[in-house]
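Here, residue 1 is the first one in the sequence, and each next residue gets the next number. Keep in mind it's a predicted model, so treat the numbers as computed, not measured.
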Amino acid sequence: MNELFSVKDQVVVITGGTGVLGRCIAEYLATQGAKVVILGRRKEEGDAIVDEIKAKGGEAMFLVTDVMSEAKVQENCDEIMARYGRVDALLNAAGGNMAGAVISPEGNFFDLKVDAFRTVLDLNLTGTVIPTQVFLRPMVEAGKGSIINFSSMAAFRPITRVCGYAAAKAGISNFTAFMANEVATKFTPAIRVNAIAPGFFVTNQNRALLTNPDGSLTARGESVIRQTPFKRFGKPEELCGTIQYLLSEASSFVTGTVAVVDGGFNSFAM
């Protein structure tokens, strides 16, 4: 059997693991034999995901976290280490947006709320930096590991409205490249740092922005589809193959890259 893409027995920590994308990835990796640790704010949802994974024969645990709190994330790490003795991989999937950091079509830049902008920047960017710092340490001690950050199409393209979110995601892409060099040159090239940039996937956060209650597309949704060569939104499970590749030995010479999974959106010109 070819083990090149195997993630079996890897201890994989996923922040934002109760979101639509995080949950799908967690459930998939569990079917591939990974020991999945879901970190999130919503305990009831997290416990339900763990129960579902276990019912299908997988292994998982859920821990309440706050990616903005170094102390809380360190507490999570200590608990994971107590159970498994190692952390093989980290997926920084936590993030989000808020109204004040978005500029409406009727508004302009002067309507941007700086406090909201700062909150979105911190949640997405600092909320990636803190777990990376905490969970990188056991990887360095073990001499191997993989970190996958979540970037966005907004990091590549000047997508209208999402001012704070776009700035944060552009920072994540830059941070990914920085960390790839930092880790490989100062610790070991056996620890790789990459990112994934999903195109447009319908999640709980953007559903009302892209679709109407009857399922039809909003003007924003129509604009996205017009600029997507595949002419559809992505399905959460379509991220799983790229994630598995970046976690496995199949990508052993890949670091500092942002893998785009977007149905061609970033290739669209006019």
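Note: the hydrophobic cluster containing F175 also contains F187 (ILVMFWY, side chain heavy atoms under 4.5 Å, direct or indirect links). When hydrophobic clusters are built by joining Ile, Leu, Val, Met, Phe, Trp and Tyr residues whose side-chain heavy atoms come closer than 4.5 Å, directly or via intermediates, L121 is not grouped with M179. Placement of V258 and V261 in two distinct hydrophobic clusters is found when ILVMFWY residues are connected by side-chain heavy-atom separations under 4.5 Å, directly or transitively. Residues V162 and I103 do not share a hydrophobic cluster, clusters being chains of Ile/Leu/Val/Met/Phe/Trp/Tyr side chains in contact below 4.5 Å. A single hydrophobic cluster is seen to contain both I191 and V11, as judged by linkage of ILVMFWY side chains at heavy-atom distances under 4.5 Å, directly or through other members.
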Using distance only, find each side-chain donor-acceptor pair of residues 58-67 under 3.5 Å and give its atom names and separation, not counting sequence neighbours.
from: E59; atom 1: OE1; to: K35; atom 2: NZ; distance (Å): 3.3
from: E59; atom 1: OE2; to: Y84; atom 2: OH; distance (Å): 3.0
from: T65; atom 1: OG1; to: N76; atom 2: OD1; distance (Å): 2.4
from: D66; atom 1: OD1; to: M68; atom 2: N; distance (Å): 3.0

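Checking side-chain atoms of S104 against main-chain N and O of G107 turns up a donor-acceptor pair under 3.5 Å. Remark: side-chain polar atoms of T257 are not paired, donor with acceptor, to backbone N or O of A259 under 3.5 angstrom. Side-chain N or O atoms of N212 include none that pairs as donor or acceptor with a backbone N or O of G215 at under 3.5 Å. Side chain of D88 to backbone of V12: no donor-acceptor contact under 3.5 angstrom is found. Checked by atom type and distance alone, the side chain of D214 pairs as donor or acceptor with a backbone atom of S216 at under 3.5 Å. Side chain of K169 to backbone of L125: no donor-acceptor contact under 3.5 angstrom is found. A donor-acceptor distance shorter than 3.5 angstrom exists from the side chain of N206 to the backbone of T203, with no hydrogens or angles considered. When atom types are taken as modelled, the side chain of S248 and the backbone of Y245 share a donor-acceptor pair closer than 3.5 angstrom. Using a distance-only test at 3.5 Å, with no hydrogens or angles considered, no donor-acceptor pair links the side chain of T228 to the main chain of K231. Proximity of a side-chain donor or acceptor of E238 to a complementary backbone N or O of K235 within less than 3.5 Å is detected.
Between the side chains of S251 and R192, at least one donor N or O lies within less than 3.5 Å of an accepting N or O. Between the side chains of T176 and N149, a donor-acceptor pair is found at a separation under 3.5 Å.
The shortest side-chain heavy-atom distance between F5 and E249 does not fall under the 4.5 Å cut-off. The shortest side-chain heavy-atom distance between I225 and F233 falls under the 4.5 Å cut-off. Two residues are said to be in side-chain contact when any heavy atoms from C-beta on lie closer than 4.5 Å; I148 and L90 fail this criterion. Put simply, the side chain of L39 reaches to within 4.5 Å of the side chain of F135, judged on heavy atoms. Looking at heavy atoms from C-beta onward, F201 lies in side-chain contact with L239 at the 4.5 angstrom threshold. Contact annotation: the side chain of L29 approaches that of V7 to within less than 4.5 Å [non-hydrogen atoms, C-beta and beyond]. Under the 4.5 Å side-chain criterion, counting only non-hydrogen atoms from C-beta, F230 is not in contact with D262. When side chains are defined from C-beta on, I25 does not count as touching E237, because their heavy atoms never get closer than 4.5 Å.
For the pair K54 and D51, the salt-bridge criterion is not met [side-chain N within less than 4.0 Å of a carboxylate O]. Looking at E75 and K72, a side-chain N of the basic residue comes within less than 4.0 Å of a carboxylate O on the acidic one, giving a salt bridge. With salt bridges taken as basic N to acidic carboxylate O contacts below 4.0 Å, none links R118 and D122.
F200 does not carry R220 over the face of its six-membered ring by the limits of under 6.0 Å from the centre and within 45° of the normal.
Applying the side chain to side chain donor-acceptor pair (under 3.5 Å) test to pairs two or more places apart or on separate chains, those with a residue in residues 132-145 are N92-T132. For residues 16-29, every residue pair satisfying the side chain to side chain donor-acceptor pair (under 3.5 Å) rule, not counting sequence neighbours, is listed here: T18-R42, R23-E27, R23-E52, Y28-Q244.
Atoms CG and CG, from N124 and N97 in turn, are 7.5 Å apart once rounded to the nearest 0.5 Å. Here I243 contributes atom CD1 and S146 contributes atom OG; the two are 9.0 Å apart, rounded to the nearest 0.5 Å. Between the CD1 atom of I14 and the CG atom of L21 there is a distance of 11.0 Å, given to the nearest 0.5 Å. Between atom CE of residue M139 and atom CG of residue L136 there is a gap of 6.5 Å, rounded to the nearest 0.5 Å. Atom-to-atom distance recorded for N194:CG and L246:CG is 5.0 Å, nearest 0.5 angstrom. Here the OG1 atom belonging to T242 is positioned 11.0 Å from the CG atom belonging to L247, to the nearest 0.5 angstrom.
Closest approach of L123 to G96, counting heavy atoms only: CD2-N, 3.8 Å. In plain terms, the two heavy atoms of C77 and P138 that are nearest each other are SG-CG, 4.1 Å. The minimum heavy-atom distance between S151 and S173, with the atom names listed, is OG-OG, 2.7 Å. Contact detail for A94 and T15: the closest heavy-atom pair is N-OG1, 3.1 Å. Between V120 and G164, the shortest heavy-atom distance links the atoms CG1-C, 3.7 Å. Shortest non-hydrogen contact noted between A208 and T218 is O-CG2, 3.9 Å.
The side chain to side chain contact (heavy atoms under 4.5 Å, CB included) test applied to S223 returns R226, Q227, not counting sequence neighbours. N108 meets the side-chain hydrogen bond (donor to acceptor under 3.5 Å, both in side chains) test with no other residue; sequence neighbours excluded.
Summarising the local packing, CZ of F268 is surrounded by more than 12 heavy atoms from other residues, nucleotides or ligands at distances under 6.0 Å. Q74 CD: more than 12 foreign heavy atoms inside a 6.0 Å radius. For R232, the CZ atom counts as densely surrounded, since its 6.0 Å shell holds more than 12 non-hydrogen atoms of other residues, nucleotides or ligands. Around atom NZ of K186, no more than 12 heavy atoms belonging to other residues, nucleotides or ligands sit under 6.0 Å away.
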- request: Start with the C-alpha gap between V183 and I147, add the side-chain angles, then the distance that decides, and say whether side chain to side chain contact (heavy atoms under 4.5 Å, CB included) holds.
  value: CA-CA 11 Å; V183 171; I147 297 172; 5.7 Å; no
Worked check of side chain to side chain contact (heavy atoms under 4.5 Å, CB included) between R207 and L210: CA-CA 5 Å; R207 191 180 308 278; L210 300 176; over 6 Å; no
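Connectivity analysis of hydrophobic side chains (ILVMFWY, heavy atoms under 4.5 Å, direct or indirect) links L209 to nothing; its cluster partners are none.
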